[in-house]
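When a residue number appears, it is its place in the shown sequence, counting from 1. Not measured: the values here are computed from a predicted model.
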Amino acid sequence: MAAVGDARTRRVAVREGAATERDVNAVTRADIIRHGETPAPIDPALVDPALVDATLADPMLPDPKLADPALADPAFRADVLAGLSGRPRAIPARWFYDRRGSELFEDITRLPEYYLTRTERSILSAHAADIASLTGPGRAVVEFGSGSSAKTPLVLSAVAPSAYVPIDISGQFLRDSVAELERQFPNLPIHPIEGDFMHRLALPSAIESKPRLGFFPGSTIGNMNAPAAVDLLRAMWETLGAGSKLLIGIDRIKPASVLIPAYDDAQGVTAEFNLNLLHRINRELGGTIPVSAFRHVARWNDTEARIEMHLEATRDVSFSVDGRSFAISKGKTIHTENSYKYGPRDARLLLRSAGWTPIGEWTDREGLFGLILAEARAVPAAP
Ligand code: SAH
Ligand code: AVI
């Protein structure tokens, strides 16, 4: 999937799959109108209604897709049905990020216990000049899982980019953050891509000839296990190309007494973020899950060096999703997220395993969080 268009006529393509002309033209009228333009005629033959993501629709209009499970994202349905049928029960964390989930994640980033965001931001601010001197000007910045793009201005202001390509699965949130960045950087061409970065994504042709800087902040890499993380970093290498650079934020291993509260905060925002997945299943897949019969659980798994989030049934429950029946006994859980933490050497090894050579590294005074700049190099054979 891909997005094309210059800063004036931006189009956000939708859903996973190849970057076909058909995908690229699957835009919503709401998208065009919101950018203050006369709606361009869309060739109906090129628009597959099943490809138009509900998150792109005007939030003021009732969204028929959300009311009809038959129109729900097939990948979401498949992951949920497989995840509830499998043992242990598990649903991929990327499905947290509907509109509400993205908003709740933003609330998490402001929690006193969630040290990651403010620490990474402070590292970026303190070392912006070093980062800029190692990257050089004129690069197209490609951000993976851009979310609200809250940290992006720090990077864009420092590295004098030639273009910005934010990639995120949460379409409406992506569009809102692009609108905000357009106000802050009116002369910067921005080419958003709504899509799953775990799948191969074609970059906009407008940045074809430009050197690239990948930006992958927030320790989102930690939400993948090691094989998936290496696959993704390799795919980024292929997508961005030899000579590209990657600025990546990776959270570090630290005592459970710091980690657990970061994922189980006193105000219950992380619990709401986790439970929102069940609400999303009910909303989009016609589920009948009794959400109040589940509680949020955050555990530190020291052997795996990861925080695990689960939803635990507080009583025996039975429900249906998309017409299929499920039962979960009291005390059993649905595993909803892993957040892997890395020591500094582990993080560098992870990058090297995927062909990225670290060329700069920064941390905060307490060593809570690591920011690494790496270069896509052909790796020489062993000695
Ligand atoms: N980069 C931001 C947001 C991190 S939250 C920060 O540092 O604060 C993780 C973001 O990645 C969310 O915006 C979510 O929608 C997006 N995301 C998660 N899985 C994704 C996937 N598989 N493909 C694309 N975006 C994804
Ligand atoms: C996006 N990701 C890096 C967050 C994390 O810390 O693993 C998601 C999150 N889950 C609970 N709180 C925040």
Separation between CZ (Arg280) and CG (Leu285), nearest 0.5 Å, reads 8.5 Å
Across all chains, not counting sequence neighbours, the side chain to side chain donor-acceptor pair (under 3.5 Å) partners of Asn223 are Glu337
Arg324 and Ser85: side chain donor to acceptor below 3.5 Å
yes
Rounding to 0.5 Å, atoms CH2 (Trp362) and CD1 (Ile123) come to a distance of 10.5 Å
Taken in chain and number order and not counting sequence neighbours, the residues that satisfy salt bridge (charged side-chain N to carboxylate O under 4.0 Å, His left out) with Asp316 are none
*asked:* Would the distance check show the side chain of Ser177 and the main-chain N or O of Ala150 forming a donor-acceptor pair, the cut-off being under 3.5 Å?
replied: no
Next item on the list: Step by step, work out the side chain to side chain contact (heavy atoms under 4.5 Å, CB included) result for Glu194 and Ile169.
Entry: CA-CA 5 Å; Glu194 184 194 349; Ile169 204 169; 5.9 Å; no
Output side-chain donor-acceptor pairs under 3.5 Å for residues 365-372, partner residues at least two apart or in another chain, one line each.
none

To the nearest 0.5 Å, atom OG1 of Thr357 lies from atom CD of Glu375 at 7.0 Å
So the salt bridge (charged side-chain N to carboxylate O under 4.0 Å, His left out) pairs with at least one residue in residues 104-133 (sequence neighbours excluded) are Asp107-Arg110, Glu120-Lys151
> Can you find a heavy atom in the side chain of Thr152 that is under 4.5 Å from one in the side chain of Tyr164?
Replying inline: yes
Residues 252-263 vs side-chain hydrogen bond (donor to acceptor under 3.5 Å, both in side chains), sequence neighbours excluded, gives Tyr115-Lys254, Asp251-Lys254, Arg252-Glu361, Arg252-Thr363, Tyr263-Ser339, Tyr263-Lys341
Across all chains, not counting sequence neighbours, the salt bridge (charged side-chain N to carboxylate O under 4.0 Å, His left out) partners of Arg139 are none
Shortest non-hydrogen pair, Ser162 vs Pro189, comes out as O-CD, 3.4 Å
Just by distance, do the side chain of Ser146 and the backbone of Glu143 share a donor-acceptor pair under 3.5 Å? no
Here the side-chain hydrogen bond (donor to acceptor under 3.5 Å, both in side chains) pairs for residues 226-245, sequence neighbours left out, are none
Contacts of Glu103 meeting salt bridge (charged side-chain N to carboxylate O under 4.0 Å, His left out) (sequence neighbours excluded), chain-then-number -> Arg99, Arg100
Side-chain heavy atoms of Leu233 within contact of Leu246, under 4.5 Å: yes
Open item on the list: Do Ile334 and Pro88 make a side-chain contact, defined as non-hydrogen atoms from C-beta onward lying under 4.5 Å apart?
Closed with: no
So the ring pair (Phe, Tyr, Trp, His ring centres under 6.0 Å) pairs with at least one residue in residues 267-287 (sequence neighbours excluded) are Phe96-Phe273, Tyr97-Phe273
Exercise. Side-chain contact, heavy-atom cut-off 4.5 Å: Val159 with Leu213?
Worked result: yes
Verify side chain to side chain contact (heavy atoms under 4.5 Å, CB included) between Ile250 and Asp346, making sure each step is shown before the conclusion. CA-CA 10 Å; Ile250 304 186; Asp346 312 330; over 6 Å; no
Closest heavy-atom pair, Ala256 versus Pro261, reported as atoms and distance to 0.1 Å, is O-CD, 3.9 Å
Run the salt-bridge test on Glu308 and Arg306 with the 4.0 Å N-O cut-off and return the result as yes or no. yes
*asked:* Applying a strict under-4.5 Å side-chain criterion to I, L, V, M, F, W and Y, I'd like to know whether Leu349 and Leu373 cluster together.
replied: no
So CG of Leu351 and CE of Met236: to nearest 0.5 Å the spacing works out to 10.0 Å
Keeping Ser320 on the side-chain end and Ser325 on the backbone end, is there a donor-acceptor pair under 3.5 Å? no
Non-hydrogen side-chain atoms of Ile248 and Ile221 separated by less than 4.5 Å: yes
query: Run the side chain to side chain contact (heavy atoms under 4.5 Å, CB included) check on Trp356 and Leu240 step by step: do they pass?
result: CA-CA 11 Å; Trp356 291 100; Leu240 298 172; 4.0 Å; yes
Contacts of Arg183 meeting salt bridge (charged side-chain N to carboxylate O under 4.0 Å, His left out) (sequence neighbours excluded), chain-then-number -> Glu180
Could you go step by step and tell me if Glu284 and Phe76 meet the side chain to side chain contact (heavy atoms under 4.5 Å, CB included) rule? CA-CA 9 Å; Glu284 296 185 26; Phe76 181 43; 3.8 Å; yes
_Counting only heavy atoms from other residues, nucleotides and ligands, does the tally under 6.0 Å from CD of Gln184 exceed 12?_
yes
CG of Asp176 to CG of Leu181, rounded to nearest 0.5 Å, is 11.5 Å
Taken to the nearest 0.5 Å, the spacing of Ile253 CD1 from Tyr340 OH works out to 12.0 Å
Does the side chain of Arg283 reach to within under 4.5 Å of the side chain of Ile281, using non-hydrogen atoms? no
(request) Find out whether Val297 and Leu311 are in side-chain contact, i.e. whether some heavy atom of one side chain is under 4.5 Å from a heavy atom of the other. (result) no
All heavy atoms of Val317 vs all of Pro290, minimum pair found to be CG1-CG, 3.8 Å
Discussion item. I'd like to know if the side chain of Arg200 reaches the main chain of Phe197, judged simply by a donor and an acceptor atom lying under 3.5 Å from each other, with no hydrogens or angles considered.
Written reply: no
Taking every heavy atom of Ala229 against every heavy atom of Leu350, the minimum-distance pair comes out as CB-CD1, 4.2 Å
In short, ring pair (Phe, Tyr, Trp, His ring centres under 6.0 Å) pairs touching residues 285-312 with sequence neighbours left out are His310-His335
Side-chain heavy atoms of Asn276 within contact of Trp95, under 4.5 Å = no
Nearest heavy-atom contact between Val178 and Pro192 is CG2-CB, 3.9 Å
On a heavy-atom basis, the closest approach of Thr314 and Ser292 is OG1-O, 4.3 Å
Across all chains, not counting sequence neighbours, the side chain to side chain donor-acceptor pair (under 3.5 Å) partners of Thr270 are Asp265
Only one of Ile207, Ile193, Leu201 passes side chain to side chain contact (heavy atoms under 4.5 Å, CB included) with Val142, and that residue is Ile207
